[in-house]
Amino acid sequence: MSGSRSRIGCYTCRIRKKKCDEQHPCCRNCQIRKLPCYSYDAPPDWMHGKRSWKEITESGEAQWIRSIAEAQYKARRRNSPNSSDKEADGAPNSKQAIKLATRGTWSSAQESLWWDGGFCTSLPVCRASHEDARLLMIFLDVIHPIQFGFYQVCTAMDRNWLINSLCSNKARFHAALTVSACFDTGLREPHKVDGIGLSLEVRERQAVALRGLQTSIRQFEAQGCPTKDLVRKGMQILEVVHQLLSLEIFSMMEGAWEIHHRAARTLLSAIHAYRAPESCDREEAHSHSSPLETALKEFSSPDIQRTLEFHVTCFVWVDIIANATFGSPARTPRHFDYIPLLRVNGLKTQDVMGCDAGVMATIAEITRLADWKAFQLQSKSLNTRELAGRAKYLHAGLVHQMRELEQRSTLGITKREEDSRLVTLQFAYAAQLYLHVVVSGTNTAAPELVLCVSRSLQLLEALPSRLVIRVCWPFTIVGCMAGKSLHNRFRAFIARTVEQKQLLGMTWKGLIAMEECWRLRHAQSDLEGDCEWKRAMESLGMRILLV
């Protein structure tokens, strides 16, 4: 009977009561929906100990699978009202499958997975005389604190700085309001948004922001001198690009964020490498400092300097996380090197996202080591002694950082400083594990790796649930390397956060990635030494930004 539960199908389809095509090692239904396929023979670990099939289907894990599939199905129905696109037997037609494969489909029940439904009551309930004013309030009071929980905008001076930086750049203003509109419409009127959370209003404002961005880019390209004007115009572009990237995150799209991030990387590299013609400014033309580094140290205009530092720090944060997740992009001869700035605390990532700048610099250096190793292997000239020496140096630095963080007294420090310490510890342990994977591979039985995962999980479980949204990358990196006996504890960590109605941000997508990593490792034993977060995302066809 079409649509009936197959008793020999994969466990995921059986839980969903859908017909399974029984393809191996992963059925097509699960592949299309990017659900964890729990295979056919041995039941997954989380089913062990349950006394009946009813107990399994009523468990939190089973409910999680069904809620994800149901949310995607509703999104597809909104996008495809024609009967030809309706799901009859659990699988979309070929046209719909192409849409799902190319657009990113992990939109979900937003109140429970991305935003806390309680936020609905905190939004302005009456339409302001001007819609822009209402959306601006949402951005200031809700969006900015969600994204940048460690970046304090609590005084009148701070708030004025943020408002002025928004209102002085029309394109950024509309780009910021697209995020507010996406958030607002997704909570209030979910039937008016498409499968990736974009309403008509969001798209219209996005178009306005893009037109303004194009104008700024033309003006930037026409600049010949002086350097300060070029930096100022570049900063305006960076503001808009960063806000458009934020929209991709809030609308839960995979992959599309990379377009904006590549643009920001190219822009900062261009500013970094720019040299003013000697006829414009002889002093600048002979300066050994890059225009970008000079601007970051320029305090004659505090608001402009603060805006530039904030957005450059946001770029650096995303760049480090993206490169550590997916690998560095093709090298460019004039790439902006931010590691020295992190080392001297010139870019304070701890004041924006929580993790100390020194640990972020170490993660970036581990990625460079991974790049170096890959190049050496490609040229068949790997120097294992040099690899071990460089890894030993990075490991020693991490151990010192972790020891200092764990032994730091909590007396006399603020709640924000303590939260930053806890978040930094999570990143430090994940960095240690990342280094191990780069040097020694992904054997989950390796004693050093087992110890690191165990300690990191203990810290995760002790972490205040309000900080879960800040540890997406370490949660995912550590979870992907967890042995079978720990899988349920990672699932329970997310379930507990949801029950407490705390913000998850992109962290719930980290669980999706690690579920796939666990499945691959179980289905293909030969992958044990080469199966991590990147391979899992490639298998899922997803490009999740773990921020």
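Fair warning: this is a prediction, and the values are worked out from it, not measured in the lab.
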>> Using a strict threshold of under 4.0 Å (side-chain N to carboxylate O), is an ion pair present between D319 and R262?
In response: no
> Does the distance from a Lys or Arg side-chain N to an Asp or Glu carboxylate O, for R543 and E538, drop under 4.0 Å?
Replying inline: no
Are any of the side-chain heavy atoms of [X] and [Y] separated by less than 4.5 Å?
X    : Y    : value
L369 : W372 : yes
M514 : M481 : no
L210 : L244 : yes
I366 : L398 : yes
L546 : M506 : no
Q147 : S246 : yes
F315 : L268 : yes
R134 : D184 : yes

>> Under the criterion salt bridge (charged side-chain N to carboxylate O under 4.0 Å, His left out), I'd like the reasoning laid out for E515 against R491: C-alpha separation, chi angles, the key distance, then a yes or no.
In response: CA-CA 9 Å; E515 290 275 8; R491 296 182 182 113; 2.7 Å; yes
Is [X] reaching over with its side chain to a backbone N or O of [Y], donor-acceptor style, under 3.5 angstrom?
X    : Y    : result
S456 : V453 : no
N164 : N160 : yes
K534 : F326 : yes
D303 : W161 : no
T349 : C355 : yes
T178 : R205 : no

>> Run H144 and Y151 through side chain to side chain contact (heavy atoms under 4.5 Å, CB included) and show every step you take.
In response: CA-CA 9 Å; H144 201 271; Y151 197 80; 4.0 Å; yes
Can you tell me how far [atom2] of [Y] sits from [atom1] of [X], rounded to the nearest 0.5 angstrom?
X    : Y    : atom1 : atom2 : result
H395 : H436 : NE2   : NE2   : 10.0 Å
N169 : T307 : CG    : OG1   : 10.0 Å
L460 : L467 : CG    : CG    : 11.0 Å
Q236 : K170 : CD    : NZ    : 14.0 Å
R306 : L162 : CZ    : CG    : 8.5 Å
H261 : E248 : NE2   : CD    : 13.5 Å

>> With side-chain hydrogen bond (donor to acceptor under 3.5 Å, both in side chains) as the test, pick out the partner of E404 among R408, Q401, H400.
In response: R408
> Passes salt bridge (charged side-chain N to carboxylate O under 4.0 Å, His left out), R421 versus D356? Steps please.
Replying inline: CA-CA 8 Å; R421 184 186 74 86; D356 183 79; over 6 Å; no
> Ring centroid separation for W317 and F310, is it under 6.0 angstrom?
Replying inline: no
Going by atom types only, do [X] and [Y] share a side-chain donor-acceptor pair under 3.5 Å?
X    : Y    : answer
N345 : Q350 : yes
N323 : T367 : no
S465 : Q500 : yes

Please report the closest heavy-atom contact between [X] and [Y], naming both atoms and the distance.
X    : Y    : value
V468 : T497 : CG2-OG1, 3.7 Å
V241 : H260 : CG1-O, 3.1 Å
L347 : L342 : O-CD2, 3.6 Å
I143 : S180 : CG1-OG, 4.0 Å
W533 : A324 : NE1-O, 3.4 Å
S420 : G354 : OG-O, 2.6 Å

>> Tell me which one of V202, I146, L135 satisfies side chain to side chain contact (heavy atoms under 4.5 Å, CB included) with F183.
In response: I146
> Within a reach of under 6.0 Å around NZ of K348, are more than 12 heavy atoms found that belong to other residues, nucleotides or ligands?
Replying inline: yes
> More than 12 non-hydrogen atoms from neighbouring residues, nucleotides or ligands closer than 6.0 Å to CZ on R466, yes or no?
Replying inline: yes
>> Apply side chain to side chain contact (heavy atoms under 4.5 Å, CB included) to residues Q219 and Q214 and explain how you reach the verdict.
In response: CA-CA 9 Å; Q219 293 172 351; Q214 290 168 353; over 6 Å; no
>> Could you go through W473 and I320, starting from their C-alpha distance and side-chain angles, then the distance that decides it, and tell me whether this counts as side chain to side chain contact (heavy atoms under 4.5 Å, CB included)?
In response: CA-CA 11 Å; W473 184 79; I320 292 173; over 6 Å; no
>> Let's go through R172 and Q243 carefully: what are the C-alpha distance in whole Å and the side-chain angles of both, what is the deciding distance for side chain to side chain donor-acceptor pair (under 3.5 Å) to 0.1 Å, and is it a yes or a no?
In response: CA-CA 7 Å; R172 184 197 174 187; Q243 214 67 72; 3.1 Å; yes
> Could you walk me through whether R343 and I339 pass the side chain to side chain contact (heavy atoms under 4.5 Å, CB included) check?
Replying inline: CA-CA 6 Å; R343 286 295 181 198; I339 292 179; 4.3 Å; yes
>> Using a 6.0 Å distance limit plus a 45 degree cone around the ring axis, check whether R470 lies over the aromatic ring of F150.
In response: no
> Which is it for F493 and F475 under the ring pair (Phe, Tyr, Trp, His ring centres under 6.0 Å) test, yes or no, and what are the steps along the way?
Replying inline: CA-CA 10 Å; F493 176 77; F475 170 74; 5.4 Å; yes
> Between F148 and H242, what is the ring plane arrangement, given parallel below 30°, perpendicular above 60°, and tilted in between?
Replying inline: tilted
